[in-house]
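Per chain, numbering begins at 1; letters A, B, ... match sequence-line order.
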Number of protein chains: 2
Amino acid sequence: MIALVVLEEFGGTKKHFKTGDLIFKEGNQPLYYHQIISGEVKMNNFNDEGKEFIQGIFYKDQCFGEPPLFTDQVYPANAVAVTDCEIITITKDKFLELLKNNPDISLKVIKNLSQRLYYKSVMAAEISSQDPEHRVLRLIDYSIEQFHFKKENAGFLINFTRQQIADLTGLRVETVIRAIKSLEKKGDLKIINRKVYR
Amino acid sequence: MIALVVLEEFGGTKKHFKTGDLIFKEGNQPLYYHQIISGEVKMNNFNDEGKEFIQGIFYKDQCFGEPPLFTDQVYPANAVAVTDCEIITITKDKFLELLKNNPDISLKVIKNLSQRLYYKSVMAAEISSQDPEHRVLRLIDYSIEQFHFKKENAGFLINFTRQQIADLTGLRVETVIRAIKSLEKKGDLKIINRKVYR
DNA sequence: TTTGTTTTATGATTTTAGTCATAAAACCGA
DNA sequence: TCGGTTTTATGACTAAAATCATAAAACAAA
């Protein structure tokens with residue numbers, strides 16, 4: 001998102017997180033802008049029964065958790081390191097100052113928020129009113145577009161576990177496994193030694 | 001969102017829509033920024049079986065449908081006039097120009113997008129993994145916060161039909177009716193001649 | 001004020017994803 | 001390479017919301 005040199009100019013601080021570490025917690029006050037230097041981060045919620053819902057997965061050069069910086073709300077979800085991560089942060093004040101002085105970065109932020117809102121809109125409609133196979137397939141197609149899934153001979157390799165797909169679509173892992181099997185039978189995707197290709 | 005005088009400066013055009021009129025259609029190229037002068041607009045999708053999902057409802061002074069202007073994507077949903085409406089539009093080019101020259105308006109757009117992303121995040125987690133009563137109650141609480149529902153003696157008047165609540169939460173109207181009844185019994189809300197108060 | 005439409009309401013039945021139990025294959029760390 | 005954990009897999013059963021049918025109340029409009 002924002003060039004590292006610029007973030008360093010504005011007092012950027014680098015932090016390391018291990019797999020599974022909590023980066024910030026639902027309900028807390030947001031104090032920093034976060035951007036990934038390396039590694040993978042997910043944002044999630046848990047419902048009353050402890051079932052996880054993944055809001056999104058973020059990769060190198062992406063930022064996350066900035067909307068509540070602008071609305072003075074608390075974090076609506078947790079951020080968790082999916083792999084070992086290096087994250088650069090700048091304070092809220094510095095971030096707002098940075099935006100004020102850089103209209104081109106403001107526009108980048110607007111584009112990024114718009115993209116994420118677009119994803120949420122599409123998935124909201126899917127989750128609320130489509131059958132499991134439809135939901136899984138749309139998530140896969142969206143993710144190919146959005147994230148940089150590798151194109152191989154068999155097609156795009158969907159780099160998610162069945163459990164992750166379940167947590168992103170609000171389904172159960174058994175339901176996802178069955179949906180993927182059924183989609184394979186219909187020829188909508190391929191399963192090659194347990195990995196999903198589209 | 002944006003002052004009318006400013007929009008007029010940038011070539012704003014006023015248009016009238018009757019209840020039920022389609023303002024723009026899912027899948028079409030976005031060409032304009034839209035802002036409501038008067039009336040009420042919903043954005044919606046229909047799934048394969050024709051079931052409606054309401055993405056959001058928008059009121060006076062609010063804008064809608066701008067994310068795809070920034071990402072060069074097509075509209076992810078329809079916009080429909082819920083009541084007779086007056087809408088002011090400016091072209092995409094003029095809108096981008098306006099933002100470039102007005103950092104304060106850029107910030108307003110960022111805040112607005114952030115707020116909507118926040119709503120989507122909260123509702124996504126709700127819809128995907130909570131029981132119907134929880135979903136209905138959260139939608140009601142969020143809507144009180146977000147829209148200007150009137151506070152009366154009995155509490156906030158929830159100015160939605162059961163069907164609208166169903167379409168916003170991805171439930172069926174019968175399920176919503178039963179959930180609301182049950183929530184009333186538990187004392188979480190009041191029903192006074194069919195109207196819901198919280 | 002009659003008529004047609006929308007909204008709220010309720011009971012019976014069906015469908016479908018969730019739940020539970022179990023297990024094999026793959027992966028990972030010591 | 002051994003043992004524990006994670007991931008994928010499958011069958012049987014259950015629970016919960018959707019569906020279907022029906023109707024009364026409220027509202028709108030002619």
Can you build the contact string for nucleotides 21-30 of chain C? Use B for base contact, S for sugar-phosphate-only contact, and - for no protein heavy atom under 4.0 Å. ----BS----
Please report the distance, rounded to the nearest Å, between CD in B/Glu52 and P in D/dA18. 16 Å
Assign the ring pair B/His34 / B/Tyr75 to parallel, tilted or perpendicular, where the plane angle (0 to 90°) is split at 30° and 60°. perpendicular
Do the ring planes of B/Phe95 and B/Phe70 sit parallel (below 30°), tilted (30 to 60°) or perpendicular (above 60°)? tilted
I'd like to know if A/Asp72 pairs up with A/Lys92 as an ion pair, taking the criterion as any Lys NZ or Arg NE/NH1/NH2 lying under 4.0 Å from an Asp or Glu carboxylate oxygen. yes
Would you say A/Phe17 has more than 12 foreign heavy atoms packed within less than 6.0 Å of its CZ? yes
Please list, for nucleotides 15-17 of chain C, all pairs of protein and nucleotide N/O atoms separated by less than 3.5 Å.
none

Should the heavy atoms of other residues, nucleotides or ligands under 6.0 Å from NZ of A/Lys111 be counted, would the total exceed 12? no
Pair B/Leu183-B/Val136, side-chain contact (heavy atoms from CB on, under 4.5 Å): steps then yes or no: CA-CA 9 Å; B/Leu183 286 166; B/Val136 168; 4.2 Å; yes
To the nearest angstrom, how far is B/Ile177 atom CD1 from D/dA17 atom P? 15 Å
Identify whether the distance between the nearest side-chain nitrogen and carboxylate oxygen of A/Glu133 and A/Arg138 falls below 4.0 Å. no
Going through the distances and angles, do A/Gln55 and A/Asn45 end up as a side chain to side chain donor-acceptor pair (under 3.5 Å)? CA-CA 7 Å; A/Gln55 292 283 354; A/Asn45 299 98; 2.8 Å; yes
What bend angle does the helix from C/dT1-D/dA30 to C/dA30-D/dT1 show across its length, from five-pair end axes and to the nearest 10 degrees? 60°
Between D/dC13 atom P and A/Arg178 atom CZ, what is the distance in whole Å? 13 Å
Figure out the NZ/P separation between B/Lys181 and C/dT8, and round it to whole Å. 11 Å
Considering only NZ, NE, NH1 and NH2 on the basic side and carboxylate oxygens on the acidic side, decide whether B/Lys14 and B/Glu8 come within less than 4.0 Å. yes
Find the distance B/Phe160:CZ to C/dT8:C1' and express it as a whole number of Å. 17 Å
Please report, rounded to the nearest Å, how far the C1' atom of C/dA9 is from the CZ atom of B/Arg162. 9 Å
In this structure, how many angstroms lie between the C1' atom of D/dT7 and the CG atom of A/Asp167, rounded? 13 Å
Separation of D/dT8 atom C1' from A/Ile158 atom CD1, nearest Å, is 17 Å
For side chain to side chain donor-acceptor pair (under 3.5 Å), just list the numbers for A/Thr71 and A/Gln73, CA-CA rounded to whole Å, side-chain angles, deciding distance to a tenth of an Å, and then say yes or no. CA-CA 5 Å; A/Thr71 57; A/Gln73 286 166 302; 2.7 Å; yes
Is the NZ atom of A/Lys195 crowded by more than 12 outside heavy atoms at less than 6.0 Å? no
